[in-house]
Amino acid sequence: MIGERDRLEAEARRRDGGGDTARPPGGDTVIERRTKSETRTKRPPLYKVILLNDDYTPMEFVVEILKSVFYKNHAEATRIMLHVHQNGMGVAGVYPYEVAETKTRTVEELARQGEFPLKCVMEKE
Ligand code: TYC
């Protein structure tokens, strides 16, 4: 028995000029495939903003920096500050390049204004 799909495909072949053009199954529908690399949105590279320990910057000042620049709550700011104090360095946050750069500059500017030697660096994740 000749079904509706066979009839439509035969008609499509006729429109094509009657050649035996290869057609995908399912009639005139062509499924276009794209490779993942064309479809995927690229995430921006991330950078760690790292605070360095020193002997002179007050603990309270570092906690205030972590709250005001990195939006940490008091407990988290205290935890990070103590980690830096005990281990020599620690991650204040992870951001896209320009955000990390602005925060690094802000920390160093606030440290300069307070006349503290606090240092801050950024590092690609
Ligand atoms: N070590 C400093 C002190 O004893 C405190 C401190 C913590 C300084 C973290 C810098 O990034 C820092 N006052």
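All ligand and atom numbering here is 1-based and tracks the order in the structure.
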query: What is the closest protein heavy atom to atom 13 (N) of ligand 1, and at what distance does it sit?
result: T57 O, 2.9 Å

query: Considering distance alone, does some N or O of Y56 sit under 3.5 Å from an N or O of ligand 1?
result: no

statement: Heavy-atom proximity to atom 2 (C) of ligand 1, picking from V63, I65, D54, N87, points to D54

message: Need the ligand 1 atom indices (1-based, order shown) with element for anything under 4.0 Å from a heavy-atom of V84.
response: 9 (C), 11 (O), 12 (C)

Check: K103 side chain, V69 main-chain N or O, donor-acceptor pair, under 3.5 Å: yes

message: Within the 4.0 Å heavy-atom shell around H85, which atoms of ligand 1 are there?
response: 1 (N), 2 (C), 3 (C), 4 (O), 5 (C)

message: Holding to side-chain hydrogen bond (donor to acceptor under 3.5 Å, both in side chains), I want the full list of residues that pass it with T104, two or more places apart in sequence or in another chain.
response: none

- line: For L118, the ligand 1 atoms with a heavy-atom partner under 4.0 Å come out as 10 (C), 11 (O), 12 (C)

field: Any residue meeting side-chain hydrogen bond (donor to acceptor under 3.5 Å, both in side chains) with K119, in chain and number order, not counting sequence neighbours
entry: none

- request: State the atoms of ligand 1, each with its element, that fall below the 4.0 Å cut-off from a heavy-atom position in L52.
  value: 10 (C), 11 (O), 12 (C)

- line: For Y47 and A100 the tightest heavy-atom approach is CB-CB, 3.9 Å

query: Which residue and non-hydrogen atom of the protein lie closest to atom 7 (C) of ligand 1, and at what distance in Å?
result: N53 OD1, 3.7 Å

Side chains of V62 and F116 in contact at under 4.5 Å (non-hydrogen atoms): no

message: Check E101 with R105, please: is the shortest side-chain N to carboxylate O separation under 4.0 Å?
response: yes

